Amino acid sequence: MPELPEVEVVRAGLQPAITGATAASVTVFDERSLRRHDGPSEDFVDRLTGRVFRAPERRGKFLWIPLDSGHPDARDTGAPNASNGEALVAHLGMSGQVLLRDRHTDDRLTRIRIELDHPDHGALRLNFVDQRIFGSMSIDSMLPTVDQRHRTVPSQVAHIARDPLDPFFDDAKFLRALKAKRTTVKRALLDQTLISGIGNIYADEALWAARVHYNQPTESLSRAKAILLLAEVRAVFVKALAEGGTSFDSQYLNVNGESGYFSHSLNVYGQQGTECPRCGRLVVREQFMNRGSHLCRFCQRVRQSAISRSALRAG
DNA sequence: CCCAGACCCTGTAGGC
DNA sequence: TGCCTACAGGGTCTGG
């Protein structure tokens, strides 16, 4: 459930608190949270302990903290990726949280704990909490971005597209790629190699705002609709960010353990049985891609004529 | 190569 | 009260 706005709230919350902090000690309580780490937990602990955190960064739903060496002579160890550096990568998955605490506060379901020493803020504790263990932490090497612009990214993020709030996101490239897809529009929105940061909640909200049905074939989506849809994705992201993200239960919290307010602004997600805010008809929930899709069947209809035309072309 | 679907994973809610 | 099942869906992998 943490999607771009929620991960960005976490990144922004971490930034002033942990930048410049040293990882004094690291404890892995559940090794399954290291699924994306290439090596055993001892390797994770060894490579993280003593390192200094730089300012956290984000692409889509991936969050990472570039690491400085805590040892002045470590630059000469000849490590293969020394030139590009390493980062602590976090993905929150379905239920992950990064909570910033004092040294005496524990959280239930903490899978990884990092004790931090900050030159200004003193002793801190970073708890990585994750109920369903779809999230992960790992130490990863940084690679140059494919388009060579802006910065490097962790190797496991290299295949993830820039997100629509990234200043280097290429609208024209996205629209071309969308048109070339042979799939349906919600699948495309959730495809992190096409556009990143969108999950089930914001996909449903953006589709409703743009009056597009989730099952509309991408090839039959008009250019105007595609442009509108991208604009609505950005709009819903910006609004959610302003409200501190979406929380339904305590599955998503900011770094201080607080909930966001965007759940009060949802138009269709989780609103089945209530009235569509636009036309007053009932919002429904349908199964799609093993997930719930929330929509107004009146406002959001598959354009049959467009499908017929594309079917004729295909046939 | 591209796309669809299976799979992972567990606390919580609700039924009986 | 307690057991059982359904549910939530990111990202990755595999099969067609």
Side-chain angles (χ1 to χ4, degrees), chain A residues 1-8 10 28-38 58-64 89-99 107-112 127-138 140 153-161 163 176-207 214-220 233 237 240 245-253 259 263 266 268-273 285-295 310 314:
Chain A
M1 285 230 270
E3 304 178 29
L4 184 149
E6 291 74 38
V7 180
E8 174 57 23
V10 171
V28 177
F29 298 105
D30 196 320
E31 207 152 344
R32 291 174 297 178
S33 290
L34 295 179
R35 177 173 304 147
R36 298 169 135 264
H37 179 75
D38 186 19
R58 181 191 56 74
R59 171 178 287 192
K61 305 169 196 171
F62 281 85
L63 173 71
W64 67 90
V89 183
H91 196 292
L92 302 180
M94 289 290 300
S95 54
Q97 301 169 28
V98 177
L99 298 171
D107 292 289
R108 215 162 59 88
L109 304 176
T110 296
R111 311 297 188 187
I112 298 170
N127 286 333
F128 181 75
V129 175
D130 191 7
Q131 180 209 115
R132 287 171 236 178
I133 322 185
F134 276 33
S136 65
M137 278 192 156
S138 59
D140 199 0
V153 296
S155 69
Q156 61 189 273
V157 182
H159 67 292
I160 301 295
D163 61 65
R176 279 197 306 273
L178 188 68
K179 193 77 181 173
K181 281 280 176 189
R182 291 296 176 265
T183 186
T184 52
V185 66
K186 184 169 176 182
R187 277 199 147 85
L189 288 181
L190 296 175
D191 181 350
Q192 305 296 303
T193 66
L194 192 64
I195 182 171
S196 70
I198 306 171
N200 204 40
I201 299 171
Y202 296 105
D204 282 2
E205 290 297 312
L207 286 166
Y214 63 82
N215 226 8
Q216 181 82 40
T218 48
E219 60 183 322
S220 68
V233 167
F237 275 170
T246 302
S247 313
F248 304 99
D249 38 39
S250 53
Q251 286 298 337
Y252 162 73
L253 303 168
S259 298
S263 52
L266 293 169
V268 285
Y269 187 89
Q271 306 302 306
Q272 58 270 27
R285 183 181 191 276
E286 300 175 357
Q287 281 296 120
F288 178 71
M289 285 179 75
N290 273 333
R291 316 173 148 69
S293 272
H294 310 75
L295 75 158
S310 64

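Predicted model only: the values in this text are computed from it and were never measured. Chain identifiers are assigned alphabetically (A, B, ...) following the order of the sequence lines, protein sequences preceding nucleic acid strands; residue numbering begins at 1 within each chain.
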N/O contacts under 3.5 Å, protein versus nucleotides 4-7 of chain B?
from: B:dA4; atom 1: OP2; to: A:T183; atom 2: OG1; distance (Å): 2.8
from: B:dA4; atom 1: OP2; to: A:R187; atom 2: NE; distance (Å): 3.4
from: B:dG5; atom 1: OP2; to: A:R187; atom 2: NH2; distance (Å): 3.0

Taking the side chain of A:Y269 as heavy atoms from C-beta outward, which of B:dG11, C:dG10, C:dA8 is closest to it?
C:dA8

May I ask you to say what A:G292 touches in the nucleic acid, namely base, sugar-phosphate or nothing, with a heavy-atom cut-off under 4.0 Å?
sugar-phosphate

Between P on C:dG11 and CG on A:N200, what's the gap in Å once rounded to a whole number?
12 Å

Can you tell me which residue among A:L4, A:V7, A:V233 is in a side-chain contact (heavy atoms from CB on, under 4.5 Å) with A:D163?
A:L4

Regarding the side chain of A:Q131, the nearest nucleotide among C:dG10, C:dG11, B:dG11 is B:dG11

Minimum heavy-atom distance A:Q97-A:L92, with the two atoms named:
N-CD2, 4.0 Å

Interatomic distance where CD belongs to A:Q156 and C1' belongs to C:dG10 [whole Å]
13 Å

Can you name the closest pair of heavy atoms from A:S95 and A:D130 and give their distance?
OG-OD1, 2.6 Å

Would you say A:H91 reaches C:dG11's phosphate, i.e. side-chain N/O to OP1/OP2 under 4.0 Å?
yes

Closest nucleotide among B:dC3, C:dG11, B:dT12 to the A:K181 side chain:
B:dC3

Give the ring-plane orientation class for A:H294 versus A:Y269, where under 30° counts as parallel, over 60° as perpendicular and anything between as tilted.
tilted

With a 4.0 Å limit, can you tell me whether A:R108 has a side-chain N or O closer than that to the phosphate oxygens OP1/OP2 of B:dT12?
yes

Specify the separation, in whole Å, of atom NE2 of A:H159 and atom P of B:dC2.
14 Å

Per nearest nucleotide of DNA chain B, the residue lying toward the 5' end, A:R35 or A:D191, is A:D191

Can you tell me the distance, in whole Å, between the CD1 atom of A:I198 and the C1' atom of C:dG10?
14 Å

Measure from CD on A:Q287 to C1' on C:dA6 and round the result to the nearest Å.
11 Å

Spacing between A:L266 atom CG and C:dA8 atom P, to the nearest angstrom
15 Å

What is the distance from CG of A:L190 to P of B:dC3, rounded to the nearest Å?
14 Å

Please report, rounded to the nearest Å, how far the P atom of C:dG11 is from the CZ atom of A:R132.
14 Å

Any carboxylate oxygen within less than 4.0 angstrom of a Lys/Arg side-chain nitrogen, looking at A:D204 and A:K186?
yes

For A:F288 and A:Y214, take the angle between the two ring planes, folded into 0 to 90°, and tell me which bin it lands in: parallel under 30, tilted 30 to 60, perpendicular over 60.
tilted

Closest non-hydrogen contact found for A:E8 with A:R58 is OE1-NE, 2.8 Å

